Amino acid sequence: MKFYRSQVLVCAGTGCTSSGSADIIRIFKEEIEKVGLSEEVNVIHTGCFGLCENGPVVIVYPEGAFYSHIKLTDVPRIVTEHLLKGRIVTDLVYSSDSAHKSKSMALEDIEFYKKQKRVALRNCGAIDPENIEEYIAFDGYKALAKCLTEYTGEEGRDKIIDIMLQSGLRGRGGAGFPTGLKWKFAKAPVSDIKYVCCNADEGDPGAFMDRSVLEGDPHAVLEAMTIAGYVIGAQQGYIYVRAEYPIAVHRLRIAINQAREYGLLGNNILGTDFSFDIDLRLGSGAFVCGEETALLASIEGKRGEPNPRPPFPAVKGLFGKPTLLNNVETYANVCQIILNGPEWFASMGTEKSKGTKVFALGGKIQNTGLVEVPMGTTLREVIYEIGGGIPNGKKFKAAQTGGPSGGCIPAQHLDVPIDFDNLSAIGSMMGSGGLIVMDEDNCMVNIAKFFLEFTCDESCGKCPPCRIGTRRMLEILEKICDGKGEPGDIEKLEELAINIKNSALCGLGQTAPNPVLSTLRYFRDEYEAHIYEHRCPAGVCSSMLRYTIDPEKCKGCSLCAKNCPAGAISGEIKKPFVIDTEKCVKCGACIEKCKFGAISRK
Amino acid sequence: MKSLQELEAIRKRTLEKINLRKEHNGTRIVVGMATCGIAAGARPVLSAFVDEVTKRSLSDVVVAQTGCIGICRLEPIVEVYKPDQEKVTYVKVSPDMVARIVAEHIVNGKVVDEYTIGYYETHQN
Ligand SMILES: Cc1cc2nc3c(=O)[nH]c(=O)nc-3n(C[C@H](O)[C@H](O)[C@H](O)COP(=O)(O)O)c2cc1C
């Protein structure tokens, strides 16, 4: 095995790949060859580091220098300066403040990582996901080996379930069901055929933690599924992954083939009499296919529609056989729990939510990207300390968690420790971990409308409450945003919401009204302003905006009138101009042109 | 295939290859590789260290480079950091000195006195 003096890790997750990391890797190799360092320096592509906003990112070891926003033209400099001469190129090193005051040299020193605790993401950005040996080097397949050799027989398999129960791990796919209990239910039925499935559908808008785990550490999921198969007595596993995740699919295929080659999947794993294999099933990106019964139907080749439960999948699942279904991130915790013990896992988090949770930060936040924090971390810490706060000095208004099934959390709850129960109590939910930050410029009615549009679109149409009810709610929201809201609309929304929640067939419909209910709970005044005053306080809903010229500030230059596409502005040179609101199309061209700041939009 | 022993063997040998990415508690050999160091011949010295470490499969040793250490007239300079030991600075290192530094100091913990900066400074002229 070759010894390399230095290693260059380049993020090849989806985010950095789209910002050009594949070319960066190529140029690094070429430049390193040019200066004759190929024997000493190794270039490796890894999974997501989490700081997607700053991509493409590159880390050079052993110094651990963290370079961000790397352009192709920067590569030759890093090679000749850092790799050849050993001088870190400080002006390319990541810095959390743009004024370049404090330059962080090493990954661990960056504010973004300091408060994080990487369990599910531990190998993301640390290993080459296309090389099984690197996974093995970082204790990969050790948990499987431990299970197969130390926890043998009926007793041993029950012991593994006990470990999962004691750890307190709860499903990361949204509902937070205790994982150990699920395994117990799936083990109980006697059946010669059982299945283990992995939910990698990840349909929440803005969520990408499962994708990052699959891209950065695919074997962690394969190993955990194999352990689950051993525990419940399954022979076959399926990963249901959306086809829009081509890099994840590619790496999973490589990982599965490598695991088979090494005898870690297939017949007689590690020389025991346990046999298990895993195949992929690609979804086409329907949100409802993330719901467990719809997902199983889709794997069977049927239309992806939910079915009533019971029977639960653990009793009658895929092809009518007992089936265990867990989420990607849930599986990504399993091997660590087995290796480090349930007490270790349970020592992190809150009383009822143990371990860590990965969040995808998006919206009005400095460090868009992926973070993993212990449960119980406050929203304030995530947004301000890790996320770097709101850009452009704007004021925080709300954080949206749980995607289209979740809700908005206002400023007064910024200090609530994040866990499953606390989020539910304040009218939102954990969901899969999307976290979208909104500032003073976001209209909360409009946000609710956005999520309702999504669920309406994604409703499979099988049950009327979801098919018809969410459509009616959306129509009311559209009316309100159009400035045509009427007294009674809020009450109608509330009544529909309660009825849909109580009668929809699956989780999609049952949670679809949540974004409306939570914005009504915390931002009712915004709804009222729209309905009773025909005013959008955030200045978003365009049909209610009025453009006016302040006669005090207007110098009568006529620039606005010349640029108005609707001919709505008139006046005499050197006297204040006026806007005819009947003719105004609210395009905003006049505001951009006015040199005196005389035009306002309210 | 793949027994537990084989798994462990893969783990060990891959770890050797990538362990500089893990937190490091072992020995660090740092070679000054600024322009002055390179001009004085630091590059072959660095290569010699890499070769020697590979040859002996020393898994807890990192060979790193650094910028100018500040005493350019004594380049190539090599600094050795061992856990619980003061840093040792070797000066005017040439590739033929490397094997001895690795054997005596890195492996056996005995500093090669006559290569160190202290010795050089007192025994000059
Ligand atoms: C509409 C809808 C969409 C869902 N989408 C996902 C998804 O994308 N990924 C996921 O893991 N779970 C999703 N779920 C939750 C799954 O039904 C299921 O609870 C979960 O995969 C179980 O795994 P866990 O116990 O490990 O969390 C969705 C549920 C509903 C109702």
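We name chains A, B, ... by the order of the sequence lines, and we start the count at 1 in each one. On a predicted model such as this, the values are computed, not experimentally measured, just so you know.
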Quick check for you: to the nearest 0.5 Å, what is the distance between [X] atom [atom1] and [Y] atom [atom2]?
X       : Y       : atom1 : atom2 : result
D139(A) : L7(B)   : CG    : CG    : 10.0 Å
R5(A)   : S47(B)  : CZ    : OG    : 8.0 Å
L15(B)  : I136(A) : CG    : CD1   : 12.0 Å

_By the definition side chain to side chain contact (heavy atoms under 4.5 Å, CB included), identify the one residue from Y135(A), Y141(A), Y262(A) that meets it with I10(B)._
Y262(A)
Examine whether an atom of [X] lies under 4.5 Å from a heavy atom of chain B, and if so say whether it belongs to the side chain, the backbone or both; otherwise answer neither.
X       : answer
L144(A) : neither
T272(A) : neither
L148(A) : neither

*May I ask you to say whether E133(A) pairs ionically with R13(B), meaning some side-chain N is under 4.0 Å from a carboxylate O?*
yes
*Determine, for E40(A) against R43(B), whether the closest basic-nitrogen to carboxylate-oxygen distance falls under 4.0 angstrom.*
yes
